[in-house]
*Asks:* 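The structure that follows is given in the form of structure tokens.
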Amino acid sequence: MGQVGARGADAEGKVTITEIARQAGVSVPTVSRVVNGRSDVSPQTRARVEDLLRRHGYRKRPAAPGARASLLDLVFNDLDSPWAVEIIRGVEEVAHAAGVGTVVSAIHGRSGDAREWMRNLRARASDGVILVTSALDPTLHEELRILGVPLVVVDPAGSPALDAPTIGAANWSGGLAATEHLLSLGHRRIGLIAGPPRLLCSRARLDGYRAALEGAGITPDASLVVPGDFRPESGFTACTTLLDLPEPPTAVFAASDQMALGAIEALRRRGLRVPEDMSVVGFDDLPEVRWSAPPLTTVRQPLADMGKLAVRTVLRLTRDEQPDSPRVELGTDLVVRASTAPPA
């Protein structure tokens, strides 16, 4: 890729790719693809950019040894969540088929890590960014915009405030389906181990839970809703709180699989059996819950599919094509296994 500068010419007075992109009304990566002879540019855009390149006398600089023609950055807040692996799996499948390399990073919600990632991004000259966090500093987001690097956000933890195409899951209908399943088995006192209330997905799953109860003529009981943080430890603690109620629930819907596994451990330590003494439903359908004891009934969140769609979307943006919708929600499905049964 030619040198990218903030002004129209570099130190030698030669026009930069940034200036060409500005005059053509396209992104910097699009000009780079034209310069490098890539085919994934529309004929009209290619003609406009090539005309500007000829008029300005632009000459491609020699590529650095080992440089890649196509590269995407996949950025997480943290990589210690099992669903991160599922998203990576989906991203890699589509990126590999498209001949695109992927760089995976974690910024840990710290501004220093995020700025280091941005410096590395500029050095790599990535074609696009898939962000699996809403914690990016607004100034860094603005830097991405100035560089013309396309951005797509995958938000399994809730809708971000960034102005970019977003891919999520149908959390409300997932919460509704999980609770309706327990109601259909005959449960009437159903606990909820909720996610962090600041996250949109947590509120949507809670609203789905409440809607199912109200649809069955049951007034939601606030004492049956205990917050967690999506991790097993919080599921364990929240389930213990529910068990200590004067009238414990006969079933629990946990807003993540990890919290559901923590709840099952809390029940085991009390000498209670799943599902004979209490039914448990999770949310995510992580691979390991098929092998839990018992196998977990859960709501499948299509994490790998979200990663696949993110790659397809960001590749469309690199071709200066707009996505069909700025916000896409993929469907969720209830997967019934052995952790739910009628109340004793």
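Note that the coordinates shown come from a computational prediction; the quantities given were computed from them, not determined experimentally. Only this structure's heavy atoms are used, side chains among them; waters, hydrogens and symmetry mates stay out.
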*Asks:* Is T250 close to I190 at the side-chain level, that is, under 4.5 Å between some pair of heavy atoms?
*Replies:*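 Sidechains of T250 and I190: no contact.
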*Asks:* With sequence neighbours excluded, tell me which residues meet side-chain contact (heavy atoms from CB on, under 4.5 Å) with P248.
*Replies:*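 Listed in chain order: nothing, the list is empty.
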*Asks:* Check whether any side-chain heavy atom of L79 sits under 4.5 Å from a side-chain heavy atom of V104, and report yes or no.
*Replies:*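 Result yes, sub-4.5 Å side-chain heavy-atom pair found.
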*Asks:* Does any donor atom in the side chain of H56 or E19 lie under 3.5 Å from an acceptor atom in the other side chain?
*Replies:*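 Looking only at side-chain atoms, E19 and H56 do not form any donor-acceptor pair under 3.5 Å.
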*Asks:* Could you tell me the separation between the OG atom of S339 and the CE atom of M278, rounded to the nearest 0.5 Å?
*Replies:*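 Result: 12.5 Å between the selected atoms.
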*Asks:* Does any part of the side chain of V75, heavy atoms only, come nearer than 4.5 Å to the side chain of V129, both counted from C-beta?
*Replies:*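 They are in contact (side-chain heavy atoms under 4.5 Å apart), so the answer is yes.
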*Asks:* Among residues at least two apart in sequence or on other chains, which ones pass side-chain hydrogen bond (donor to acceptor under 3.5 Å, both in side chains) with D320?
*Replies:*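 Result, side-chain hydrogen bond (donor to acceptor under 3.5 Å, both in side chains) vs D320: T30.
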*Asks:* Output all residues satisfying side-chain hydrogen bond (donor to acceptor under 3.5 Å, both in side chains) with E265, sequence neighbours left out; order by chain, then residue number.
*Replies:*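 E265 satisfies side-chain hydrogen bond (donor to acceptor under 3.5 Å, both in side chains) with R268, R269 once adjacent residues are dropped.
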*Asks:* Side chains of W83 and D257: is there a donor and an acceptor less than 3.5 Å apart?
*Replies:*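 D257 and W83 do not have a side-chain donor-acceptor pair below 3.5 Å.
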*Asks:* Do you know which two heavy atoms are closest between S223 and R189, and how far apart they sit?
*Replies:*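 In terms of heavy atoms, the two residues are closest at OG-NH2, 4.3 Å.
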*Asks:* Check this for me: does any side-chain nitrogen of one of R327 and D155 sit under 4.0 Å from a carboxylate oxygen of the other?
*Replies:*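 A salt bridge is present here (some side-chain N lies under 4.0 Å from a carboxylate O).
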*Asks:* Using links of under 4.5 Å between side-chain heavy atoms of ILVMFWY residues, direct or through other members, which residues join W172 in one cluster?
*Replies:*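 Listed partners: L176.
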*Asks:* Could you check whether any side-chain heavy atom of L131 comes within less than 4.5 Å of a side-chain heavy atom of L151, counting everything from C-beta outward?
*Replies:*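 Counting from C-beta outward, L131 and L151 do come under 4.5 Å.
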*Asks:* Under 3.5 Å, which donor-acceptor pairs link side chains of residues 90-98 to any protein atom two or more places apart or in another chain?
*Replies:*
{"from": "E92", "atom 1": "OE2", "to": "T102", "atom 2": "OG1", "distance (Å)": "3.0"}

*Asks:* Find out if a path of hydrophobic residues (ILVMFWY) with successive side-chain heavy-atom gaps under 4.5 Å connects I167 to V85.
*Replies:*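 No: no chain of side-chain contacts under 4.5 Å links I167 to V85.
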*Asks:* Measure the CD1-CD distance between I107 and E116 for me, rounded to the nearest 0.5 Å.
*Replies:*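 Nearest 0.5 Å value for the CD1-CD distance: 12.0 Å.
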*Asks:* Let me confirm one number: the OG1-CG distance from T219 to L213, rounded to the nearest 0.5 Å.
*Replies:*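 One finds 9.0 Å between OG1 of T219 and CG of L213.
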*Asks:* Looking only at heavy atoms, what is the nearest atom pair of S292 and L296, with distance?
*Replies:*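 What the structure gives for the nearest pair is OG-N, 3.4 Å.
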*Asks:* Is there a path of hydrophobic side-chain contacts, each under 4.5 Å between heavy atoms of I/L/V/M/F/W/Y residues, joining V335 to L330?
*Replies:*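 Different clusters: L330 never reaches V335 through Ile, Leu, Val, Met, Phe, Trp or Tyr contacts under 4.5 Å.
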*Asks:* Going through the distances and angles, do V132 and N77 end up as a side chain to side chain contact (heavy atoms under 4.5 Å, CB included)?
*Replies:* CA-CA 7 Å; V132 195; N77 189 43; over 6 Å; no
*Asks:* Does a side chain donor of either T340 or H181 reach within less than 3.5 Å of an acceptor in the other side chain?
*Replies:*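 There is such a pair between these side chains.
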*Asks:* Between T240 and T237, do the side chains contain a donor N or O and an acceptor N or O under 3.5 Å apart?
*Replies:*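 There is no such pair between these side chains.
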*Asks:* Are F236 and I264 connected in the hydrophobic side-chain network, where two residues link if heavy atoms are under 4.5 Å apart?
*Replies:*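 Result: no, two separate clusters.
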*Asks:* Would you say T298's side chain and G282's backbone share a donor-acceptor pair under 3.5 angstrom?
*Replies:*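 Checked: pair present.
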*Asks:* Check whether V280 and L245 end up in the same hydrophobic cluster, where Ile, Leu, Val, Met, Phe, Trp and Tyr are linked by side-chain heavy atoms less than 4.5 Å apart.
*Replies:*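 Same cluster.
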*Asks:* The criterion is salt bridge (Lys or Arg N to Asp or Glu O under 4.0 Å); which residues satisfy it with D333, sequence neighbours excluded?
*Replies:*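 D333 satisfies salt bridge (Lys or Arg N to Asp or Glu O under 4.0 Å) with no other residue.
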*Asks:* Walk me through it: do H187 and S279 pass the test side chain to side chain contact (heavy atoms under 4.5 Å, CB included)?
*Replies:* CA-CA 9 Å; H187 296 278; S279 290; 3.3 Å; yes
*Asks:* What's the spacing between L121 CG and M118 CE if we round to 0.5 Å?
*Replies:*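 L121 atom CG to M118 atom CE measures 6.0 Å (nearest 0.5 Å).
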*Asks:* Using modelled atom types and a 3.5 Å cut-off, is there a donor and acceptor pairing between side-chain atoms of S126 and backbone atoms of L72?
*Replies:*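 Between the backbone of L72 and the side chain of S126 there is no qualifying donor-acceptor contact (under 3.5 Å).
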*Asks:* Grouping I, L, V, M, F, W and Y whenever their side-chain heavy atoms are under 4.5 Å apart, do V225 and V299 come out in a common cluster?
*Replies:*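 In one cluster: yes.
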*Asks:* Do D285 and R337 meet the salt-bridge criterion of a basic N to acidic O distance under 4.0 Å?
*Replies:*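 Judged by the 4.0 Å cut-off on N to carboxylate O distance, R337 and D285 do form a salt bridge.
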*Asks:* Side-chain contact, heavy-atom cut-off 4.5 Å: I87 with F76?
*Replies:*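 Of all side-chain heavy-atom pairs linking F76 with I87, at least one is under 4.5 Å.
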*Asks:* Of all heavy-atom pairs between P323 and P165, which one has the smallest distance, and what is that distance?
*Replies:*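 Where P323 meets P165 most closely, the heavy atoms are CG-CG, 4.0 Å.
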*Asks:* Is there a side chain to side chain contact (heavy atoms under 4.5 Å, CB included) between L317 and L315? Walk through the geometry before answering.
*Replies:* CA-CA 5 Å; L317 292 174; L315 290 179; over 6 Å; no
*Asks:* Side chains of L286 and L303, heavy atoms from C-beta outward: is any pair under 4.5 Å?
*Replies:*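 A side-chain contact exists here, since the closest heavy-atom pair is under 4.5 Å.
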*Asks:* Check side-chain hydrogen bond (donor to acceptor under 3.5 Å, both in side chains) between R312 and all other residues, then give those that pass, not counting sequence neighbours.
*Replies:*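 For R312 there are no side-chain hydrogen bond (donor to acceptor under 3.5 Å, both in side chains) partners, ignoring immediate neighbours.
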*Asks:* Looking at residues at least two apart in the chain, or sitting in another chain, which of them share a side-chain contact (heavy atoms from CB on, under 4.5 Å) with P287?
*Replies:*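 Only E86 meet the side-chain contact (heavy atoms from CB on, under 4.5 Å) criterion with P287.
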*Asks:* Sequence neighbours left out, what passes side-chain contact (heavy atoms from CB on, under 4.5 Å) with A169? Give chain and number order.
*Replies:*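 Q301, P302, M306, T332.
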*Asks:* Run the side chain to side chain contact (heavy atoms under 4.5 Å, CB included) check on V252 and V281 step by step: do they pass?
*Replies:* CA-CA 6 Å; V252 170; V281 179; over 6 Å; no
*Asks:* Over all heavy atoms of both residues, which pair between G99 and S70 is shortest? Give the atoms and the distance, please.
*Replies:*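 It is O-CB, 4.0 Å.
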*Asks:* Side chains of I218 and L183: does their closest heavy-atom pair fall under 4.5 Å?
*Replies:*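 Yes; the side chains approach each other to less than 4.5 Å.
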*Asks:* Please report the C-alpha distance between D324 and R316 in whole Å, then the side-chain angles of each, then the deciding distance to 0.1 Å, and finally whether the salt bridge (Lys or Arg N to Asp or Glu O under 4.0 Å) criterion is met.
*Replies:* CA-CA 10 Å; D324 296 330; R316 287 190 65 176; 3.5 Å; yes
*Asks:* Output the distance between atom OG1 (T241) and atom CD1 (I193), rounded to the nearest 0.5 Å.
*Replies:*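 Those atoms lie 9.0 Å apart.
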*Asks:* Could you tell me which non-hydrogen atom of L242 sits nearest to which non-hydrogen atom of L224, and how far apart they are?
*Replies:*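 Result for this residue pair: CD2-O, 3.7 Å.
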*Asks:* Just wondering, do V328 and T166 contact through their side chains at under 4.5 Å, heavy atoms?
*Replies:*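 Counting from C-beta outward, T166 and V328 never come under 4.5 Å.
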*Asks:* What is the distance from atom CG of L182 to atom OG1 of T297, rounded to the nearest 0.5 Å?
*Replies:*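 That separation rounds to 8.5 Å.
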*Asks:* Applying side-chain hydrogen bond (donor to acceptor under 3.5 Å, both in side chains), can you list everything that pairs with R300, at least two apart in sequence or on another chain?
*Replies:*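 None.
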*Asks:* Between D207 and R203, does any NZ, NE, NH1 or NH2 come within less than 4.0 Å of an OD or OE carboxylate oxygen?
*Replies:*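 No, R203 and D207 are not salt-bridged.
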*Asks:* Determine the minimum heavy-atom distance between F230 and G195, stating which atoms define it.
*Replies:*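 Shortest heavy-atom separation between F230 and G195 comes out as CE2-CA, 3.5 Å.
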*Asks:* Checking D277 side chain against R273 main chain: does a donor-acceptor pair fall under 3.5 Å?
*Replies:*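 Yes, the answer is positive, given that a donor and an acceptor are paired below the 3.5 Å cut-off.
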*Asks:* Per the salt bridge (charged side-chain N to carboxylate O under 4.0 Å, His left out) rule, what does the pair list look like for residues 227-246, sequence neighbours excluded?
*Replies:*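 Residue pairs passing salt bridge (charged side-chain N to carboxylate O under 4.0 Å, His left out), neighbours aside: D80-R231, D244-R270.
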*Asks:* Under the salt bridge (Lys or Arg N to Asp or Glu O under 4.0 Å) test, which residues partner E288, sequence neighbours left out?
*Replies:*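 None.
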